[in-house]
Amino acid sequence: MDGSTMSDDIGKTLLNTPPKVVNLGLESFALELSQQGVAVVHVDWTPPAGGDPALADLLSKLGA
Amino acid sequence: MSGLVINEVRRGFYLDSVALMRLSRGIAERDGVEEAALMMGTPANKRIMDDAGLLTATGQAAEGGDLVIGIRADSHARAKEVLQEALSELDKPAGHGGAAVQWRPRTTRAALKQAPDSNLALISVPGDFAAAEARKALRRGLHVMMFSDNVSLAAEVALKQEAKTLGRLVMGPDCGTAIINGVPLAFANAVPRGSVGLIGASGTGLQEVSCLIAQGGGGLSHAIGVGGRDLKEEVGGMTTLMALDALDADPGTKHIVLISKPPAAGVAARLLERIGASGKSFTICFIGASDLTLPANARSVDTLKAAAEDALGGVALGVGFDPVMMAARAPAGRGAVWGLFTGGTLCAEAQVIFQAAGQVVASNAPIPGASPLDPGGSGHQLIDLGADEFTRGRPHPMIDPTVRDDALVEALASSRVGVILLDVVVGFGAHADPAGHLAPVLTAHRRADGPVVIASVTGTDADPQGRTAQAAKLEAAGVMVAPTNADAATLALACLGCVPGRDPTNRSA
């Protein structure tokens, strides 16, 4: 993707669109966004792969 | 560490760091309890608990996805009682009131089934898992803001390369602040919309400049955080360059401000070349940098305040603030300045002001020309309390202001300290009432002949805490409040007679 296409894409999909957020981690961030009327889905996250970071990393690379 | 320690491990039980901090504190305050901590069982957290004398063989066996409860009490019976109370707290239904949804997905994939038009993942999970979550989000078409820190440089580079290929932005890791399309994300402030676009490798730098632009009557198109390491040679400014392209192409952005510590030389050259190719005007604030050769459409400034003034087209901020007059109302200053900052870039900006006044300054986060911190030293010490050594295993001091309490009490009692310099950063993500936390600490420990206390408030009146209300609480506690962080540093120097043109011997007591 060349620079102009990429910046157009970021402009179209991020800067010129009201943020719609998937929140993973601190729930307070999701609550504050929700209170501002921002669309947010809070993920009830727990450490994947049985809490093994190396395995979680590998699984993310494999698309799991 | 004389008491009796017990551990309990909850397998596969996750709570975020703020929830754990609240629980830990509540349990540590109970009668008969010497110390308590609830932490996820990552290797780093287990080391912290071990150092605090809170880890037994039971806790040592925990994995990163397990919750460890450590309690040290004055008797085994009391430790067991409090442990039961802690477990009951954990088993209470979580307070999800106010969340936008009833059912909560457990993965990004499930979240996107629920809300397929989502465009941004905000990631604040423990650093060990953050890169994996960011990768999953990118591959599902989301832009990413990574608040998480403790992500390896190699992982950051790989993520940003993948994001570039996908045409997606990775803000972070360790990105505390962004404002996208008027929406404050993580630590950010309620500022009006306008035509100034900010790009920053520094959270509090973005916050101070955005708030000062608002104070001066301006507004923001967007504020894009890039993470503290983006301008290192290894990362090559990938996100900064993508953000520059995006804001350059954005019709709502007329002027762009770039805020960072000094970049690697090769990265600075690439950035300045890209800036020179833009038709827009730029303000460059590389805190502590010197000898920049700028293109014609860019101006360089030394401080965050000057960056805001330049972005406002030369509007002067803090008009009517006279540090020399204000200093004259304080008791005669003597000794050194101790700056206790929650914002890293606010600490760096104060160092710039001190150096410009010819003062020698030491810091745990020294800018070029400043010295490393010398705990026994008698000179000026400006401390970034958000640095890793203060936040390992606990939330950032902007969330948990108690991180500053011990150092503040020490400074108030020290005969070496003439002036205490503080920042108070408010806005979304921050503590609900940082000035209200500081005031009783100051009242309880202040001496009549003790140090002068000076602060500034980074925030706006549209923020949940309200900038004016926070300043009023500080003033009621005897704090001199300056209009900006830079002005607070100048006032500190004025109290010691260190501002050019001021005669320290000719001042009212």
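Quick note on labels: first sequence line is chain A, next is B, and so on, each numbered from 1.
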**Request:** Measure distances from N16(A) to the heavy atoms of chain B and classify the residue's part below 4.5 Å as side chain, backbone, both or neither.
**Result:** both
**Prompt:** Between W45(A) and S124(B), is any pair of side-chain heavy atoms under 4.5 Å apart?
**Reply:** no
**Prompt:** Under a 4.5 Å heavy-atom cut-off, does chain A meet the side chain of D250(B), its backbone, both or neither?
**Reply:** side chain
**Asked** Short question: side chain of N119(B), backbone of K20(A) - any donor-acceptor pair under 3.5 Å?
**Response** yes
**Request:** Decide if the gap between the ring center of F29(A) and the ring center of F428(B) is smaller than 6.0 angstrom.
**Result:** no
**Proximal component of R135(B), with respect to chain A [non-hydrogen, under 4.5 Å]** = side chain
**Item:** Flag if over 12 foreign heavy atoms under 6.0 Å of CZ, R22(B)
**Value:** no
**Message:** Measuring from atom CG of D9(A) to atom CG of L166(B), what distance do you get when rounded to the nearest 0.5 angstrom?
**Reply:** 10.0 Å
**Item:** P184(B) versus chain A, the contacting section by heavy-atom distance below 4.5 Å
**Value:** both
**Asked** Rounded to the nearest 0.5 Å, what separation is found between the CG atom of L169(B) and the CD1 atom of I10(A)?
**Response** 5.0 Å
**Complete:** Per-residue tally against chain A (heavy atom, under 4.5 Å) across L185(B), D16(B), L15(B), L122(B) peaks at L122(B)
**Asked** Measuring from T13(A):OG1 to D117(B):CG, what's the distance to the nearest 0.5 Å?
**Response** 12.5 Å
**Options G12(B), P251(B), A132(B), ranked by heavy-atom pairs under 4.5 Å with chain A, top entry** = A132(B)
**Asked** With only heavy atoms counted, which part of T42(B) is less than 4.5 Å from chain A, the side chain, the backbone, both or neither?
**Response** neither
**Message:** I need the residue from V43(A), D57(A), V21(A), L14(A) with the largest number of non-hydrogen atom pairs under 4.5 Å to chain B.
**Reply:** L14(A)
**Prompt:** Do the non-hydrogen side-chain atoms of R106(B) and T46(A) ever get within less than 4.5 Å of each other?
**Reply:** yes
**Message:** Let's test your reading of the structure: which of A134(B), A186(B), P126(B) forms the most heavy-atom pairs below 4.5 Å with chain A?
**Reply:** A186(B)
**Message:** Using heavy-atom distances under 4.5 Å, tell me whether L142(B) contacts chain A through its side chain, its backbone, both, or neither.
**Reply:** side chain
**Prompt:** So, does N181(B) use its side chain to make a donor-acceptor pair with the main chain of T17(A) at under 3.5 Å?
**Reply:** yes
**Prompt:** Between H222(B), M40(B), R11(B), which shows the greatest number of heavy-atom pairs under 4.5 Å with chain A?
**Reply:** H222(B)
**Asked** Given side chains that start at C-beta, do those of N23(A) and I123(B) come closer than 4.5 Å, heavy atoms only?
**Response** no
**Prompt:** For L244(B), is it the side chain, the backbone, both or neither that has a heavy atom under 4.5 Å from a heavy atom of chain A?
**Reply:** neither
**Asked** Are R104(B) and E27(A) close enough for a salt bridge, meaning some N to O gap below 4.0 Å?
**Response** yes
**Item:** For chain A, the option from V125(B), T108(B), T107(B), I224(B) that forms the most heavy-atom pairs under 4.5 Å
**Value:** V125(B)
**Prompt:** Does the side chain of P47(A) reach to within under 4.5 Å of the side chain of E63(B), using non-hydrogen atoms?
**Reply:** no
**Prompt:** Which atoms of F147(B) come close to chain A, meaning under 4.5 Å heavy atom to heavy atom: side chain ones, backbone ones, both, or neither?
**Reply:** side chain
**Prompt:** Tell me, side chain or backbone of L33(A) under 4.5 Å from chain B's heavy atoms, or both, or neither?
**Reply:** side chain
**Asked** Which of the residues T253(B), V183(B), D66(B), L112(B) is involved in the greatest number of heavy-atom pairs with chain A at under 4.5 angstrom?
**Response** V183(B)
**Request:** Of all the heavy-atom pairs spanning P19(A) and I180(B), show the shortest one and how long it is.
**Result:** CG-O, 3.4 Å
**Prompt:** Is the side chain of E32(A) donor-acceptor paired with the backbone N or O of G429(B) at a distance under 3.5 Å, no angle test?
**Reply:** yes
**Prompt:** If only atom types and distance count, is the side chain of R139(B) paired as donor or acceptor with the main-chain N or O of K61(A) below 3.5 Å?
**Reply:** yes
**Prompt:** Just by modelled atom types, is the V22(A) backbone N or O under 3.5 Å from a matching donor or acceptor in the S118(B) side chain?
**Reply:** no
